[in-house]
Amino acid sequence: MRSTRYTCGMRTTVLHDSLERVEADALIVHLFAGVSRPGGSTGSVDRALDGLIGDLASRGDLPTGVGDVTTLFVRGGIASPRVLVVGLGEAQRLDAEVVRRASAAAARRARDLGARTIATVAHGAGIGGLDAAQAARATVEGTRLGLYRYGGPDRGPDHGVEELRIVDIDAPRLEALRDGVRWGEATADGVELARDLVNRPPNVATPRHLAEVAEGLARDHGFGVTIGDRAWAETHGMGAFLAVAQGAGHEPRFVVLEHDPTRGQEPPLVLIGKGVTFDSGGVSIKARDGMAAMKSDMAGAAAVLGAMRTLGRLRSPRRVVALVPATENMLDAHAYRPADVVRAGNGVTIEIISTDAEGRLLLADALVYAQRLRPRAVVDLATLTGACVVALGRGTAAGRFTNDDTVAQRVDAAAAATHERVWPLPAWPEHLEDLQSDVADLKNSSGKPYGGACVAAAFLARFTAYPWVHIDMAGMALRDDTIGYQPKGATGFGVRMLVHWVTHG
Ligand code: BES
Ligand code: MN
Ligand code: ZN
């Protein structure tokens, strides 16, 4: 497959005008709980409609829960034929997450009504803690991510809407709105790339495909890129990564993608993403039910590539290196097997107990490789253990492990700010005791059903000698229902958190 030219189907513009005068297939305004006489931009649309919104609101006919949407078909008074009133909930509880959710709900309703152009206010600008730029950013993110639909193996998403117009009559605010739109567009671009990569079938989203996407990003943003193949990995002594790749039909790739505006002056932040393009379990084969979901076992890699796309578009001043060890975990006559002993890039030997504990093997070699970069800090994202899903729930939070509380605090702050939830779990020496081997330095699995997420993290910690955070996002990659700005399917989890960490860290 040729690499995709990634152009977004949907356009966002900022217009200096009044909502009443702007022509669009649907006009979106908002209403807070308990308001019967709306002010601001909703107020001026209300006046142009002869008080219709206020009348409906005071009669209790306009629900104001976050994401509640009421459609008003109007004739005259304003330039647009449909007004969607979206609830923003209690004004004191407004934040960017509320704006993203409400924007998504309103935009999907507009699309359902057949709208190709949408005009909206930047929800929440100047209210609560949100400034105009943050409001515009959240409105763009919520709209684009809420409209996201997987568009197929060789193209970007199909939003079904051509243009989003952010409208404001207040000239001094336009600059901030444009800046917010730039951040929102860059962020949505990254999340959409991550979602596309996870949604693509595993015979399309192969290690080579991930490498081609990385090369495309390098071309678009001037990144440095190295694509390592099997021979390259051998010269780096990556015996653990290569063991996983031994039974794979698709050739493995080890991607090194570097954004360095500092020209080597700054030690890099390193992002590592688990890139198992399909996890059959290998010889320790998984049960057939649910195996298809293991096409999402490269969601960490997708998040890292998505974050690089956003950082490139933003021209972030920070030096960042992305590492993506990419392979399938399959089984053939050459496949690695339980009882094999393999050697990672730092000479540490590993006894294979389960070929299904493959993620930690390829991450071990990536963590060792990261050491050569003299990193300031390393964050890895991986769909690593079912145990993490048991511990924290599905779609609730990712597990967060660390060897450095200062870096962990910053990652936690990024996760909270973006509502990409993480929760701290320990990786203690006691967890490593379960991995003591008679024939190697350690085993890749305890073979016991206890604390699996922590044991896996303790395994990884063995390969780190720098400040490090590990995010086990096993429960976060896929959803089977649509909620807020997360449609069914791939979530793109991790992109927004990583970008926030790099740009605010
Ligand atoms: N990719 C899986 C983990 C996973 C499970 C991701 C469910 C998403 C949803 C990983 O490679 C795996 O198979 N882990 C094993 C580890 C065990 C063999 C120690 C697991 O969780 O069962
Ligand atoms: Mn596995
Ligand atoms: Zn896996």
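Values below: all heavy atoms of this structure, side chains included; hydrogens, waters and symmetry mates excluded. Remember, it's 1-based here, ligands and their atoms both numbered in the order they're listed. Just so you know, residue 1 is the first one in the sequence shown, and it goes up from there.
- His500 and His504 have parallel rings, their planes meeting at less than 30° on a 0 to 90° scale where 60° marks the start of perpendicular.
- When Arg313, Arg144, Arg309 are each tested for a salt bridge (charged side-chain N to carboxylate O under 4.0 Å, His left out) with Glu185, only one passes: Arg144.
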Please give the N or O to N or O pairs under 3.5 Å between ligand 1 and the protein, distances rounded to 0.1 Å.
from     : atom 1 : to     : atom 2 : distance (Å)
ligand 1 : 1 (N)  : Lys274 : NZ     : 3.4
ligand 1 : 1 (N)  : Asp279 : OD2    : 3.2
ligand 1 : 1 (N)  : Asp297 : OD1    : 2.9
ligand 1 : 1 (N)  : Asp297 : OD2    : 3.0
ligand 1 : 1 (N)  : Thr383 : O      : 3.3
ligand 1 : 11 (O) : Lys274 : NZ     : 3.2
ligand 1 : 11 (O) : Asp279 : OD2    : 2.9
ligand 1 : 11 (O) : Asp356 : O      : 3.2
ligand 1 : 11 (O) : Glu358 : OE1    : 2.8
ligand 1 : 11 (O) : Glu358 : OE2    : 2.9
ligand 1 : 13 (O) : Lys286 : NZ     : 2.8
ligand 1 : 13 (O) : Asp356 : O      : 3.0
ligand 1 : 13 (O) : Asp356 : OD1    : 2.8
ligand 1 : 13 (O) : Asp356 : OD2    : 3.2
ligand 1 : 14 (N) : Leu384 : O      : 3.4
ligand 1 : 21 (O) : Gly386 : N      : 2.7

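- Between Thr277 and Thr327, every side-chain heavy-atom pair lies at or beyond the 4.5 Å cut-off.
- Taking the six-membered ring where the residue is Trp, His470 and Trp468 present parallel rings, their angle staying beneath 30° rather than reaching 60°.
- Geometrically, Arg195 engages Tyr148 in a cation-pi contact, judged by NZ or CZ lying under 6.0 Å from the ring centre and within 45° of the ring axis.
- Applying the 6.0 Å contact sphere to CZ of Arg230 captures more than 12 heavy atoms from other residues, nucleotides or ligands.
- The Mn ion (ligand 2) has Asp279 OD2, Asp356 O, Asp356 OD1, Glu358 OE1 as its protein N, O or S neighbours under 2.8 Å.
- Excluding waters, the count of protein N/O/S atoms less than 2.8 Å from the Zn ion (ligand 3) comes to 4.
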Candidate pair Ile350 and Lys443, rule side chain to side chain contact (heavy atoms under 4.5 Å, CB included), full reasoning:
CA-CA 5 Å; Ile350 305 161; Lys443 305 191 287 191; over 6 Å; no
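- At least one donor-acceptor pair closer than 3.5 Å links the side chain of Asp472 to the backbone N or O of Ala474.
- Arg400 places no side-chain N or O within 3.5 Å of a backbone atom of Val469 that could act as its donor or acceptor partner.
- Within a 6.0 Å sphere centred on CH2 of Trp423, other residues, nucleotides and ligands contribute 12 heavy atoms or fewer.
- For Asp260 and Arg319, the salt-bridge test passes: some basic side-chain N is under 4.0 Å from an acidic carboxylate O.
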Listed pairs under 3.5 Å, donor-acceptor, residues 101-111 side chains, sequence neighbours left out:
from   : atom 1 : to     : atom 2 : distance (Å)
Arg101 : NE     : Glu97  : OE2    : 3.2
Arg101 : NH2    : Glu97  : OE2    : 3.2
Ser103 : OG     : Val99  : O      : 2.6
Arg108 : NH1    : Gly146 : O      : 3.1
Arg108 : NH1    : Gly484 : O      : 3.0
Arg108 : NH2    : Gly484 : O      : 2.9
Arg109 : NH1    : Val69  : O      : 3.4
Arg109 : NH1    : Thr71  : OG1    : 2.9
Arg109 : NH2    : Val69  : O      : 3.3
Arg111 : NH1    : Leu147 : O      : 2.6
Arg111 : NH1    : His159 : O      : 3.0

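- The main-chain N or O of Thr355 is found under 3.5 Å from a side-chain atom of Tyr336 such that the two form a donor-acceptor pair.
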